[in-house]
Colleague: 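The following block contains the structure, expressed as structure tokens.
In what follows, residues are counted from 1 in the order of the sequence shown.
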Amino acid sequence: MLHLPAPCVVVLAGPGASGKSTWAAAHFPDEVIVSSDRLRALVGSGEDDIAASTDAFALLDQIVLARLTRGLTTVIDTLGLDGDRRRAWLEMARRHDLPCIAVAFDTPADECRARNRRRDKRIPADTLAAHLRSWVAVRDALADEGYDRVLAPEPVRVVPQQFVPASDPTERAADEPTAGLRFGLHLSSFTFAGGREVTAQRIREIGAAADDAGFDTIYVMDHFRQIPQLGRSWEDMLESYTTLGYLAACTARARIGALVTGVTYRNVAHLGKIVATLDVLSGGRAVCGLGLAWFAEEHRAYGWDFPSVPRRYELLEDALRLLPVMWGPGNKSFHGQVLDVPDTTCYPRPIQDRIPLVLGGGGERRTLRLAAQYADTANVFGDVATVRHKADVLAQHCRDLDRDPADVRVSHLSTVLVGTDDADVRTRVERLRPRHQDAARYAAAINAGTVDDHVRRFRELAGAGAAEVVVRLADLDDAEPVARMASVIAAFR
């Protein structure tokens, strides 16, 4: 089955009775199909009112323009035999930066005539004959008109761009096994149906489900109020390390950590003690994520200093150097650029010989260089091409620092919504999307797709250099979405 990117413009072309409307209805919801026949019925006496064609096409062009202006997938269901009209729609798609696909219905002439004879209202024989004569030239011209693709009328799905398989033959094939890819679950919202009375129960259920689903790590977001990208400031937000301590008792297998700890939020030596304690109480499962801390409003609200970017980078580098010292033996002193710790005593020591350090951020000049120098993992965002580029930059930093690039992994964080099939995905998107947001744009923003869609995308991310994919489940109100994600993880085991 072919995958088309959402949103897109699909121009149907073919003689009468070639199957255009039937094909469109089988693969697209009614609301995205703009049909000249239906519009003739709207402005005239019926779909066969040829005298209403001029008004119908004028209305069709207005509707197409309105939809493309809003970035909506649009299927243009006409004969498509008029070259000027096709070029106008293609140009309209280009002006609105939308991919435009032509579908050529090269149905044999005898089949078109047979279908026409079975119709209640037949196309006049001479009119259909004219269509068939015109079609040969149109069919041969389509390939040179500038469409992104010219397709035969085979089964298609319109999906977010990230689920369209890579066309480059050097990319990892969607069905190629990917051994060793790790999965992390990111908890970033704690406003559960049922309120705070059920919060502890939901966290316990989700943690147990993540263990059962095969997640390698459970991360929490280190904020004290909800961030604007995900919700409103007054929505429930649990303190991260208290939550991790609870998760340590609710889980048995998955690693646990903050993705990522804001370096300004805690005394760094105290953070070392907190993480060492978490490692002991979790049986050696702690991960320590660190980040530059970006949320100025949160700092102001809690009365914390929010140093300049250069100062925070100095603090971040000191933290990356200090924490392994805190987790090591003895009580040696530490003197960094901005941190001065006279005594690094920290007992009990962690169970792990080295607690993994995850550095959040994809800044190429400083952040990835710090990851190459001190961290075990660099966590980045972005599409497959971005991940590949960041992995290459990280590897070069490693080589510049005489460190083996294999010693520093890349992880990738994104929001996902997993559905069992296309209908289930559409239902979940409709339930979750903000009232005034287009369903296709929302689906793209949260990576809404089927199990197979996600398996393909994660394999492409792995091929680009990601060793771990961390997912923020868009509909995580209970453990059920975690169980749906288990089917994706199973494809990599």
Colleague: Looking only at atom types and distance, does a side-chain atom of E460 sit under 3.5 Å from a main-chain N or O of P165, one as donor and one as acceptor?
Modeller: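 Answer holds: no.
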
Colleague: So, do D438 and L72 sit near enough that their side-chain heavy atoms are less than 4.5 Å apart?
Modeller: yes

Colleague: Between Y313 and T367, do the side chains contain a donor N or O and an acceptor N or O under 3.5 Å apart?
Modeller: yes

Colleague: What's the shortest heavy-atom distance between V158 and A6, and which atoms?
Modeller: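 So the two residues come closest at CG1-CB, 3.5 Å.
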
Colleague: How about R399: does its CZ atom have over 12 heavy atoms from other parts shown lying under 6.0 Å from it?
Modeller: yes

Colleague: Can you check whether R157 reaches T450 side chain to side chain, under 4.5 Å on heavy atoms?
Modeller: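 Yes; the side chains approach each other to less than 4.5 Å.
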
Colleague: Given T386 and V380, is the side chain to side chain contact (heavy atoms under 4.5 Å, CB included) satisfied, shown in steps?
Modeller: CA-CA 9 Å; T386 300; V380 302; over 6 Å; no

Colleague: Just jot down the side chain to side chain contact (heavy atoms under 4.5 Å, CB included) partners of D55, sequence neighbours excluded, or say none.
Modeller: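 Partners of D55 under the side chain to side chain contact (heavy atoms under 4.5 Å, CB included) test: V43.
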
Colleague: Using side-chain heavy atoms (C-beta onward) and a distance below 4.5 Å, is R457 in contact with S414?
Modeller: yes

Colleague: Under 3.5 Å, is there a donor-acceptor pair between the side chain of R484 and the main chain of T420?
Modeller: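 Checked: no pair found.
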
Colleague: Tell me if a side-chain donor or acceptor on H412 pairs with a main-chain N or O of V387 at a distance below 3.5 Å.
Modeller: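 Side chain of H412 to backbone of V387: no pair is present.
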
Colleague: Side chain to side chain contact (heavy atoms under 4.5 Å, CB included) between L4 and L151: does it pass, once the steps are laid out?
Modeller: CA-CA 11 Å; L4 304 182; L151 307 177; 3.8 Å; yes

Colleague: How many angstroms lie between CG in L187 and OH in Y219, if you round to the nearest 0.5 Å?
Modeller: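 One finds 12.0 Å between CG of L187 and OH of Y219.
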
Colleague: Enter the distance from R94:CZ to L68:CG here, rounded to the nearest 0.5 Å.
Modeller: 11.0 Å

Colleague: Is the closest side-chain donor-acceptor distance between D222 and T261 under 3.5 Å?
Modeller: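 No donor-acceptor contact under 3.5 Å links the two side chains.
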
Colleague: Name the residue from D475, D422, D477, D421 that meets the salt bridge (charged side-chain N to carboxylate O under 4.0 Å, His left out) definition with R428.
Modeller: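 Exactly one option meets the salt bridge (charged side-chain N to carboxylate O under 4.0 Å, His left out) with R428, and it is D475.
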
Colleague: Please examine the side chains of D216 and R255, heavy atoms only from C-beta on, and report whether any two atoms are closer than 4.5 Å.
Modeller: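 A side-chain contact under 4.5 Å is absent here.
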
Colleague: Go through the steps for V471 and V418 under the test side chain to side chain contact (heavy atoms under 4.5 Å, CB included), then give the verdict.
Modeller: CA-CA 11 Å; V471 298; V418 181; over 6 Å; no

Colleague: With a 3.5 Å distance limit and no angle check, can you tell me whether K20 reaches the backbone of G14 through a side-chain donor-acceptor pair?
Modeller: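 Checking the backbone N and O of G14 against the side chain of K20, a donor-acceptor pair under 3.5 Å is found.
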
Colleague: Side chains of Q373 and R403: does their closest heavy-atom pair fall under 4.5 Å?
Modeller: no

Colleague: Ignoring hydrogens and angles, state whether a donor on the side chain of T251 or D211 is under 3.5 Å from an acceptor on the partner side chain.
Modeller: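 No, D211 and T251 have no side-chain donor paired with an acceptor closer than 3.5 Å.
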
Colleague: Using a strict cut-off of less than 4.0 Å between a Lys/Arg side-chain nitrogen and an Asp/Glu carboxylate oxygen, indicate whether E205 and R202 qualify as a salt bridge.
Modeller: yes

Colleague: Within the distance-only criterion (no hydrogens, no angle test), does the side chain of H454 pair as donor or acceptor with the backbone N or O of L417 below 3.5 angstrom?
Modeller: yes

Colleague: Side chains of V103 and V156: does their closest heavy-atom pair fall under 4.5 Å?
Modeller: no

Colleague: Hey, are the side chains of L65 and Q62 touching, using non-hydrogen atoms and a 4.5 Å cut-off?
Modeller: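 Counting from C-beta outward, L65 and Q62 never come under 4.5 Å.
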
Colleague: Working to the nearest 0.5 angstrom, can you tell me the gap between E468 CD and L259 CG?
Modeller: 8.0 Å

Colleague: Side chains of D424 and T427: donor-acceptor distance under 3.5 Å anywhere?
Modeller: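 Side chains of D424 and T427: no pair found under 3.5 Å.
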
Colleague: Between E298 and R225 (side chain of the first, backbone of the second, donor and acceptor by atom type, cut-off under 3.5 Å), is there such a pair?
Modeller: yes

Colleague: Ignoring hydrogens and angles, state whether a donor on the side chain of Q396 or D392 is under 3.5 Å from an acceptor on the partner side chain.
Modeller: no

Colleague: If you compare all heavy atoms of Q226 against all heavy atoms of F295, which two are closest, and at what distance to 0.1 Å?
Modeller: O-CE2, 4.1 Å

Colleague: Where does the angle between the aromatic ring planes of F192 and F190 fall among parallel (under 30°), tilted (30 to 60°) and perpendicular (over 60°)?
Modeller: perpendicular

Colleague: Check A479 against A209 and note the closest heavy-atom contact, atom names and distance.
Modeller: CB-CB, 3.7 Å

Colleague: Are side-chain heavy atoms of Q162 and D383 found at a separation under 4.5 Å?
Modeller: no

Colleague: Around atom CG of D97, are there more than 12 heavy atoms from other residues, nucleotides or ligands closer than 6.0 Å?
Modeller: no

Colleague: Give a yes or no on whether the backbone of G362 and the side-chain of K390 come within a donor-acceptor separation of less than 3.5 Å.
Modeller: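 Yes, the answer is positive, given that a donor and an acceptor are paired below the 3.5 Å cut-off.
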
Colleague: So is R459 actually on top of F492's ring, under 6.0 Å and inside 45° of the axis?
Modeller: yes

Colleague: Say whether, by atom type as modelled, one donor and one acceptor occur between the side chain of H397 and the main chain of L368 under 3.5 angstrom.
Modeller: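 Checked: no pair found.
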
Colleague: Would you be so kind as to tabulate the donor-acceptor pairs closer than 3.5 Å made by side chains of residues 29-38, with sequence neighbours excluded?
Modeller:
unit_1 : atom_1 : unit_2 : atom_2 : d
S35    : OG     : D37    : N      : 3.3
S35    : OG     : R38    : N      : 3.2
D37    : OD1    : R40    : NH2    : 2.3

Colleague: Can you confirm whether R431 is buried at CZ, in the sense that more than 12 heavy atoms of other residues, nucleotides or ligands lie under 6.0 Å from that atom?
Modeller: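 Yes, the 6.0 Å shell around CZ holds more than 12 heavy atoms from other groups.
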
Colleague: Kindly say whether E154 contributes a backbone atom to a donor-acceptor pair with the side chain of W23 at under 3.5 angstrom?
Modeller: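 Pair found, side chain donor or acceptor close to backbone of E154.
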
Colleague: Name the orientation class of the two ring planes belonging to W89 and F57 (parallel below 30°, tilted from 30 to 60°, perpendicular beyond 60°).
Modeller: parallel

Colleague: Using ring-ring contact (aromatic ring centres under 6.0 Å, His included) as the criterion, list what pairs up with H389, not counting sequence neighbours.
Modeller: none

Colleague: To check you understand the geometry: which heavy-atom pair defines the closest contact between T377 and S411, and what is its length?
Modeller: CG2-OG, 3.5 Å

Colleague: Would you say the side-chain atoms of H436 pair up with the backbone N or O of P434, donor to acceptor, closer than 3.5 Å?
Modeller: no

Colleague: Begin from the C-alpha positions of E111 and R115 and carry the test salt bridge (Lys or Arg N to Asp or Glu O under 4.0 Å) through to its verdict.
Modeller: CA-CA 6 Å; E111 178 65 21; R115 290 177 181 177; 3.0 Å; yes

Colleague: A439 and V429: which non-hydrogen atoms are nearest, and at how many Å?
Modeller: O-CG1, 3.7 Å

Colleague: Can you see which heavy atom on P5 is nearest to which on P99, and at what distance?
Modeller: CG-CG, 3.7 Å

Colleague: Could you walk me through whether C100 and V11 satisfy the side chain to side chain contact (heavy atoms under 4.5 Å, CB included) test, starting with their C-alpha distance in whole Å, then the side-chain angles of each, then the deciding distance to 0.1 Å, before giving a yes or no?
Modeller: CA-CA 7 Å; C100 188; V11 177; 4.0 Å; yes

